Amino acid sequence: QVTLVESGGGLVQTGGSLRLSCAASGLTFSRYAAGWFRQAPGKEREIVAAISWSGGRTFSPDSVKGRFTISRDNAKNTVFLQMNSLKPEDTAVYYCAAQYSGYDMPKTARYDYWGQGTQVTVSS
């Protein structure tokens, strides 16, 4: 059984930082691309960052570029999201996901497995 478990969410003030972790089990994680997504109330789920299986390719949208950094440790089956300079509009449930193909990393539909999510709240 494949499981992805996010941790590290919480409440932080504007300008603060959080580091999210996603621990994977039940799959050969080093063969999967990974992504972080977020979903705010009333909004669609959107990509926050993605990373190829080797870590050699990353993607992030303009909304978080320069503030969020994705990384992974395949030896520990874990992917991370370092979030700096947080803004109230970053408030959402953050999900990690894994996909085998490694194509179209920004696209939600490409992902095979999802975690349950962790809440991030940024107060103004």
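This one's a predicted model, so the numbers in the text were calculated from it and none came from an experiment.
Rounding to the nearest 0.5 Å gives a distance of 12.5 Å between OG1 of T28 and CH2 of W53. Rounding to the nearest 0.5 Å gives a distance of 8.5 Å between CG of L86 and OG1 of T14. To the nearest 0.5 Å, the span separating CD1 on I70 from OG on S60 amounts to 9.0 Å. The line from CZ of R72 to OG of S21 is 13.5 Å long, rounded to the nearest 0.5 Å. Between atom CD of residue Q39 and atom OH of residue Y94 there is a gap of 12.0 Å, rounded to the nearest 0.5 Å. Within the model, atoms OG1 of T3 and CH2 of W114 stand 16.0 Å from one another, a figure rounded to the nearest 0.5 Å.
The 12-atom threshold is not exceeded at NZ of K107, counting heavy atoms of other residues, nucleotides or ligands nearer than 6.0 Å. For CZ of F59, the number of neighbouring non-hydrogen atoms (other residues, nucleotides, ligands) closer than 6.0 Å is greater than 12. Within a 6.0 Å radius of CD in Q116, no more than 12 heavy atoms belonging to other residues, nucleotides or ligands are found.
Side-chain contact between D112 and Y32: present, with at least one pair of heavy atoms (C-beta onward) separated by less than 4.5 Å. Considering only heavy atoms from C-beta on, Y113 stays 4.5 Å or farther from Q99 through its side chain. L20 is listed as a side-chain neighbour of V120, based on a closest heavy-atom distance under 4.5 Å.
For V5, the side-chain contact (heavy atoms from CB on, under 4.5 Å) test picks out no residue, with sequence neighbours left out.
W36 and Y111 are not part of a single hydrophobic cluster, where members link through side-chain heavy atoms under 4.5 Å apart. Under the 4.5 Å side-chain contact rule for hydrophobic residues, F68 and V122 share a cluster. Hydrophobic clustering (side-chain heavy atoms under 4.5 Å, transitive across Ile, Leu, Val, Met, Phe, Trp, Tyr) keeps V79 apart from L4. In the hydrophobic clustering of this structure, L27 does not group with F80; members are Ile, Leu, Val, Met, Phe, Trp, Tyr whose side-chain heavy atoms approach within less than 4.5 Å, directly or through other members.
Contact detail for M105 and A50: the closest heavy-atom pair is CB-CB, 3.7 Å. In plain terms, the two heavy atoms of S123 and L11 that are nearest each other are CB-CD1, 4.3 Å. Shortest non-hydrogen contact noted between A33 and G102 is CB-CA, 3.9 Å. The heavy-atom pair separating A92 from A40 by the smallest distance is CB-N, 3.8 Å.
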Would V93 and R38 count as a side-chain contact (heavy atoms from CB on, under 4.5 Å) if you check the C-alpha gap in whole Å, the side-chain angles of each, and the deciding distance to 0.1 Å? CA-CA 5 Å; V93 178; R38 67 186 180 189; over 6 Å; no
Derivation of the side-chain contact (heavy atoms from CB on, under 4.5 Å) call for K76 and F29: CA-CA 9 Å; K76 296 183 178 179; F29 186 62; over 6 Å; no
V48 vs L81, side-chain contact (heavy atoms from CB on, under 4.5 Å): CA-CA, chis, key distance, verdict: CA-CA 9 Å; V48 173; L81 183 68; 3.9 Å; yes
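Under a 3.5 Å cut-off, the side chain of T91 and the backbone N or O of E89 do not form any donor-acceptor pair.
The aromatic ring centroids of Y95 and F37 lie 6.0 Å or more from each other.
Sorted by first and then second residue, the salt bridge (charged side-chain N to carboxylate O under 4.0 Å, His left out) pairs with a member in residues 3-17 form an empty list; sequence neighbours excluded. The list of disulfide (SG to SG under 2.5 Å) pairs with a residue in residues 59-124, not counting sequence neighbours, reads C22-C96.
Inspection of the S17 and N84 side chains reveals an N or O donor paired with an N or O acceptor under 3.5 Å.
The pair D90-K87 fails the salt-bridge criterion, with no side-chain N (NZ, NE, NH1 or NH2) lying under 4.0 Å from an Asp/Glu carboxylate O.
Figure legend: R110 and Y100 shown without cation-pi pairing, the cationic atom not lying both under 6.0 angstrom from the six-membered ring centre and within 45 degrees of its axis.
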